[in-house]
Asks: 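Structure in structure tokens, see below.
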Amino acid sequence: MKDTLLKEYAKLIVRVGANVQKDQIVVLNAPVEAHAFTKLVIEEAYQAGAKKVIVSWNYGEDNKMYYQYASEETLKEFPEYNVKRLEYFMENKVAQISVGSPNPDLMKGIDPKKFVIASKAANEKVGFYRQYMMSNGSQWTIGIVPNLEWGKKVFPNVPYYEVIDKLWDVILEACRVREGEDVVENWAKHHKQLKDHREKLNKYNFKSLHFKNKLGTDLVVDLVEGHIWGGGSEVAQNGVSFSPNIPTEEIFTMPHSHGVNGKVVATMPLNYQGVLIKDFYFEFKDGKVVDYGAKEGKEVLKTLVELDEGSSRLGEVALISHNSPISNMGILFYNTLFDENASCHLALGNAYTMNIKDGYTLSEEELVKKGYNKSMTHVDFMFGSSDMEIVGTTQDGKKVKVFTKGNFAF
Ligand code: ZN
Ligand code: ZN
């Protein structure tokens, strides 16, 4: 892959994604496998004026062995120095950048129960940091880089020595990083388009959305009162605009945790805890999953649905036209960050406080009363299709076509 394009991608992550400010501390989580690209990100962050860049390296195989060999007692431990570290990040309002290089099969064979134990323990001690990030306390973003294992899975028919380059090609195209074009300009244009849709939906202020397609989805999702459609760029509580997901095509808002009824059938497999869940569906009653099934991976789906009370309710509903760059590539990335941007999706688990009026200032109790869903997880699954029809019902009962044949109707 050309250095100039990789530099543009690093620029996108630092300048548009995290929008690093002068004298801000940057916390950079990165896999050792991606050290060459991470170096470009570090350099770009300093050039953007970062006070210092704290790199936290991780190594997938090490992580796997921890889950493989550590006892349940050990998995329950969450050392105090890690709590202090996150407190320091919060106090200093750091910009957080995560570089990911996912291997979808990495955790194959590890008992999913072990992840639950570890994430429960972590949540007890540092749930505050998760809440802080979920409510955009300061800027955060995620960028993805290829690896061989992942590439072989996405392109099983391409010779192994070409898959990394091939994966770079599609990642950069999905992120609008193109030869001879300024990536920051491309994203300014893209953000404007997303803003147009967002503003229209905010103006309609729908009471509910009815999703229907031939596959069997027939679902009514009530939206919370005072919901706000977000997507594209966001403004963190420190006043800085940023773009949490790169790439991003979605417009999303907050469903009512007790107002979802009907059936939804997934249109793409879900990679959860390293296991692929295929051909699955959920049935909701008054917001709660009352039935579900999967052709493959139902056991793992069960650990998700039963993780806590909120993991059986929705925290996000997102709209994406079927005719969009990632969707048009027709590639299954086995990675939520990309796959979720190919299709309308829902998320089981925690909602985003940015998606409701006064979300940052209301207490959690008040938010929950309004229909905000609380959970230690947030897992997106895709259900958009080329024949998706969506009808919105306004507060005074008028019906408005939102999607027709898979795409926005306005
Ligand atoms: Zn989403
Ligand atoms: Zn989501």
Side-chain angles (χ1 to χ4, degrees), residues 17 96 98 100 102 119 130-131 133-136 140-144 174-175 190-191 193-195 197-198 201-202 209 211 219 221 223-224 227-234 242-257 260 264 266-273 277 280 282 287 289 301 304-305 307-308 310-322 324-327 333-356 359 371-385 388 390 402-403 408:
Q96 185 177 291
S98 300
S119 66
R130 188 186 165 78
Q131 281 308 119
M133 279 298 165
M134 288 286 283
S135 59
N136 295 343
W140 58 276
T141 197
I142 304 169
I144 299 282
C175 294
H190 178 43
H191 277 155
Q193 274 175 358
L194 291 171
K195 193 169 165 231
H197 275 146
R198 211 167 65 200
L201 286 163
N202 281 331
L209 297 174
F211 298 86
L219 186 77
V221 177
L223 305 178
V224 293
H227 67 268
I228 296 167
W229 286 90
S233 61
E234 294 174 14
F242 71 107
S243 194
N245 291 333
I246 291 178
T248 187
E249 304 292 333
E250 64 174 327
I251 304 289
F252 61 99
T253 196
M254 191 187 293
H256 195 294
S257 61
V260 182
V264 57
T267 45
M268 283 172 119
L270 168 66
N271 181 48
Y272 181 65
Q273 313 278 36
I277 306 165
F280 60 102
F282 296 108
V289 172
L301 202 57
L304 167 60
V305 172
L307 183 66
D308 59 19
S311 71
S312 61
R313 296 180 186 275
L314 295 183
E316 179 194 355
V317 51
L319 308 183
I320 294 162
S321 279
H322 191 71
S324 67
I326 300 176
S327 166
F333 282 91
Y334 298 93
N335 178 271
T336 305
L337 197 56
F338 285 84
D339 291 330
E340 74 162 352
N341 279 301
S343 166
C344 287
H345 58 267
L346 299 167
L348 287 172
N350 215 85
Y352 294 103
T353 47
M354 61 163 290
N355 284 133
I356 187 165
Y372 165 84
N373 193 35
K374 193 180 164 254
S375 169
M376 70 172 95
T377 195
H378 175 103
V379 176
D380 297 283
F381 63 93
M382 280 45 87
F383 74 112
S385 63
M388 180 63 82
I390 308 175
V402 179
F403 260 49
F408 269 102

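Order of listing sets the numbers, starting from 1, for every ligand and every atom in it.
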Asks: So, does T141 use its side chain to make a donor-acceptor pair with the main chain of S243 at under 3.5 Å?
Replies: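 Side chain of T141 to backbone of S243: a pair is present.
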Asks: Is the F381-F282 ring centre distance short of 6.0 angstrom?
Replies: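 Judged by ring-centre distance (under 6.0 Å), F381 and F282 do meet the cut-off.
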Asks: Side chains of N355 and Y372 only: does a donor on one sit below 3.5 Å from an acceptor on the other?
Replies: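 Judged by distance alone, the side chains do not pair up.
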Asks: Side chains of D308 and S375: any donor to acceptor distance under 3.5 Å?
Replies: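 Yes - a donor-acceptor pair under 3.5 Å links their side chains.
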Asks: Please check this pair: side chain of H227 against backbone of M254, looking for a donor-acceptor N/O pair closer than 3.5 Å.
Replies: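 Absent.
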Asks: So, of the N/O/S atoms that E250 has, which is the nearest one to the Zn ion (ligand 1)?
Replies: OE1
Asks: Where the side chain of D339 meets the backbone of Y334, is there a donor-acceptor pair that is under 3.5 Å apart?
Replies: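 Between the backbone of Y334 and the side chain of D339 there is a qualifying donor-acceptor contact (under 3.5 Å).
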Asks: So, with waters excluded, how many protein N/O/S atoms does the Zn ion (ligand 2) have closer than 2.8 Å?
Replies: 4
